[in-house]
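Since the structure comes first, as structure tokens, the remarks are kept for the end.
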Amino acid sequence: MSFKSLGLSEPLLKAISKKGYETPSPIQAKAIPPVLEGKDVLASAQTGTGKTAGFTLPMLHLLSKGPEQRYRPIRALILTPTRELAAQVHANVKEYSEFLNIRSAVIFGGVNQKPQVNKLSQGIDVLVATPGRLIDLENQGLLSLNRVEIFVLDEADRMLDMGFLRDIERIMKLIPNKRQNLMFSATFSKDIKKLAYSILNHPVQVEATPENTAVEVIEQKVYRVAKGKKTGLIIKLISEGNWKQVLVFTRTKHGANKLCKKMISAGITAAAIHGNKSQGARTKALAGFKNGSVRVLVATDIAARGLDIPLLPHVINFELPNISEDYVHRIGRTGRAGAEGQALSLVSADETTYLQGIEKLIGESIEVEIVEGFEPDPDASTEPIKPGQNRSQGRGRNSNSRNSSKKSSGNSKNSNRSRSRNRNTNSR
Ligand code: ADP
Ligand code: MG
């Protein structure tokens, strides 16, 4: 199987080989042909399997075959849930369209709209956007979506988790009825199917490697440890293992900052990435992590979601997520592209029920280890920490709204409420 045999044009093949890809990934091989045929496609495959190119390449192919436009209306719209993802997808669009006469732009919130508006006014073919800023600029009359031919919903599952359902519905009303729809998701829940049913038109459904299988090639381990000894243990593991690139998850932004500081005092270069950091700080942290100048990236779930960090050898859960599916997303950042990965979790007594929920979800029990000097506290309560309790304010609100958006998707009134609460925290 080659990219050429999928029917992609020469300029795209040139960009693909420049990028260093040799063969299409399974989801690309399955998704590209029906997209090229102009069909609606619903695709699901785990994080890190190359979904971005799965929709971007055939989309660019179709756009470049269309008639040359003097005035350029937005012909393709790609929605993503977070700023980082929007920036990443746009970077991909730019790389793949290098040898085509296609112009693209990206818009997201949290930064001055002026440069984005300037770019839009020059005329672009492909727009990558997060929902909030898109609606905002549309309301101000600064962009028009009435010529969109291809609509892409990327990371659709996260969109729903983050309460973007109402925004998606609003955006659908702004684009023409006659269009091609592509929906990409890491998971394939009932809610996703419901959304797909409302957006897509007789979609071709493609799936690569049943969800969660990559979990099997990842070495997972739990360290039972006293809550107060977690920082000491994580520093010991990273220094003694001499690990060079470690992604660490914390439950809260505050926790991420605190841990990051402790790492730095212990002589380990670290950076934190979460919703309270400026866009510049986040981009810088991620770049440092990718180029090796930052050994440890401490992240919260939403900030890390979908980030393109290739071949990550170590993921550590400093705290377990209270939503079991997030565990699978977190550890999905290791063992990418066939490389081996290790996912470690530091678990204190109050996280016991979270651990049980995770083991139930993945259908196996995770090996447990106790490190001398970092034993669990036998007297600690196993009462779970409730979301919103002992938390920084932002996190408490966020976890509540995520729960309610899960429960209430489909109920527009509630979704709307949880959506507006999410507005300020959606880029956690
Ligand atoms: P997903 O959206 O499924 O999480 P991405 O599109 O972010 O995955 O791709 C994950 C990584 O795999 C990126 O670093 C990307 O450059 C790389 N990649 C994508 N397609 C290929 C391919 N055909 N061959 C090699 N690497 C690829
Ligand atoms: Mg993706």
Side-chain angles (χ1 to χ4, degrees), residues 1-6 8 12-33 35 41-60 78-98 106 128-130 152-162 182-188 192 206-215 245 247 286-287 289-291 301-313 315 325-326 328-339 341:
M1 172 70 69
S2 66
F3 281 105
K4 194 173 176 161
S5 68
L6 292 175
L8 295 169
L12 285 166
L13 295 174
K14 200 168 148 193
I16 292 166
S17 72
K18 188 171 171 191
K19 189 104 173 93
Y21 301 166
E22 282 163 11
T23 50
S25 71
I27 195 67
Q28 289 163 1
K30 286 184 184 174
I32 291 173
V35 179
V41 172
L42 172 60
S44 81
Q46 235 211 324
T47 302
T49 50
K51 291 191 288 298
T52 317
F55 59 79
T56 309
L57 293 170
M59 178 194 81
L60 291 170
I78 304 173
L79 279 189
T80 74
T82 66
R83 307 165 193 183
E84 281 82 6
L85 273 166
Q88 245 167 50
V89 169
H90 181 238
N92 278 303
V93 169
K94 272 196 355 209
E95 284 173 324
Y96 300 140
S97 60
E98 184 181 345
V106 61
V128 186
T130 54
V152 185
L153 202 58
D154 190 21
E155 306 273 350
D157 46 353
R158 207 52 172 189
M159 289 268 193
L160 292 184
D161 283 353
M162 289 174 65
L182 312 175
M183 199 165 133
F184 281 70
S185 178
T187 56
F188 212 18
I192 289 288
V206 294
E207 219 170 328
T209 55
E211 201 195 320
N212 300 356
T213 42
V215 172
Q245 206 181 32
L247 180 61
L286 186 61
F289 188 59
K290 283 189 180 177
N291 73 25
D301 287 290
I302 289 186
R305 167 76 184 202
L307 287 186
D308 174 22
I309 304 163
L311 306 175
L312 199 59
V315 168
E325 283 80 7
D326 281 348
V328 178
H329 288 306
R330 286 180 180 188
I331 74 170
R333 330 230 116 255
T334 177
R336 295 188 138 196

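Ligands are counted one by one from 1 in listed order, and the atoms in each one are counted from 1 as well. Computed from a predicted structure; not experimentally measured.
- No hydrogens or angles considered: nothing links the side chains of Thr56 and Asn92 as a donor-acceptor pair under 3.5 Å.
- Distances between N or O atoms of Pro24 and those of ligand 1 include no value under 3.5 Å.
- The backbone N or O of Glu207 sits less than 3.5 Å from a side-chain atom of Lys30, completing a donor-acceptor pair.
- Comparing heavy-atom distances from atom 9 (O) of ligand 1 across Ser185, Ala208, Gly50 singles out Gly50 as nearest.
- Contacts with ligand 1 closer than 4.0 Å are made by no heavy atom of Phe55, backbone or side chain.
- Residue contacts with ligand 1, taken as heavy atom pairs separated by less than 4.0 Å, involve Gln46 solely via the backbone atoms N, CA, C and O.
- Near Thr52, with a cut-off below 4.0 Å to any heavy atom, the atoms of ligand 1 are 2 (O), 5 (P), 6 (O), 7 (O).
- Here the OG atom belonging to Ser2 is positioned 12.0 Å from the CD atom belonging to Glu22, to the nearest 0.5 angstrom.
- Interface of Thr23 with ligand 1, defined as ligand atoms under 4.0 Å from a residue heavy atom, comprises 22 (C), 23 (N), 24 (N).
- The minimum heavy-atom distance linking Tyr96 with Ala53 is given by the pair OH-CB, 3.5 Å.
- Minimum-distance N/O/S atom of Glu155 relative to the Mg ion (ligand 2): OE2.
- Residue Ser25 approaches ligand 1 through these ligand atoms, each under 4.0 Å from one of its heavy atoms: 23 (N).
- At a heavy-atom distance under 4.0 Å, no atom of Asn92 approaches ligand 1.
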Could you go through the side-chain contact (heavy atoms from CB on, under 4.5 Å) check for Thr23 and Gln28 one step at a time?
CA-CA 9 Å; Thr23 50; Gln28 289 163 1; over 6 Å; no

Criterion side-chain contact (heavy atoms from CB on, under 4.5 Å) on Glu155 and Leu85, from CA distance to verdict | CA-CA 9 Å; Glu155 306 273 350; Leu85 273 166; 3.7 Å; yes

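- With hydrogens and angles disregarded, no donor-acceptor distance shorter than 3.5 Å links the side chain of Glu95 to the backbone of Lys19.
- At least one heavy atom of Phe3 lies less than 4.0 angstrom from ligand 1.
- Below 3.5 Å of separation, one finds an N or O of Gly48 facing an N or O of ligand 1.
- Between Glu155 and ligand 1, not a single N/O pair is under 3.5 Å apart.
- Put simply, the side chain of Lys4 never gets that close to the backbone of Leu13: no donor and acceptor are under 3.5 Å apart.
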Item to complete: Check the pair Thr80 / His90 against side-chain contact (heavy atoms from CB on, under 4.5 Å), numbers first and verdict last.
Response: CA-CA 10 Å; Thr80 74; His90 181 238; over 6 Å; no

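- The shortest N or O to N or O distance between Thr49 and ligand 1 is under 3.5 Å.
- Each of Ile78, Val35, Leu153 was evaluated against Phe55; a single residue qualifies, Ile78, per the side chain to side chain contact (heavy atoms under 4.5 Å, CB included) test.
- Polar contact with ligand 1: absent for Glu22 (N/O pair, distance under 3.5 Å).
- Shown in contact with Thr47 at under 4.0 Å from a heavy atom are these atoms of ligand 1, numbered in order with element: 4 (O).
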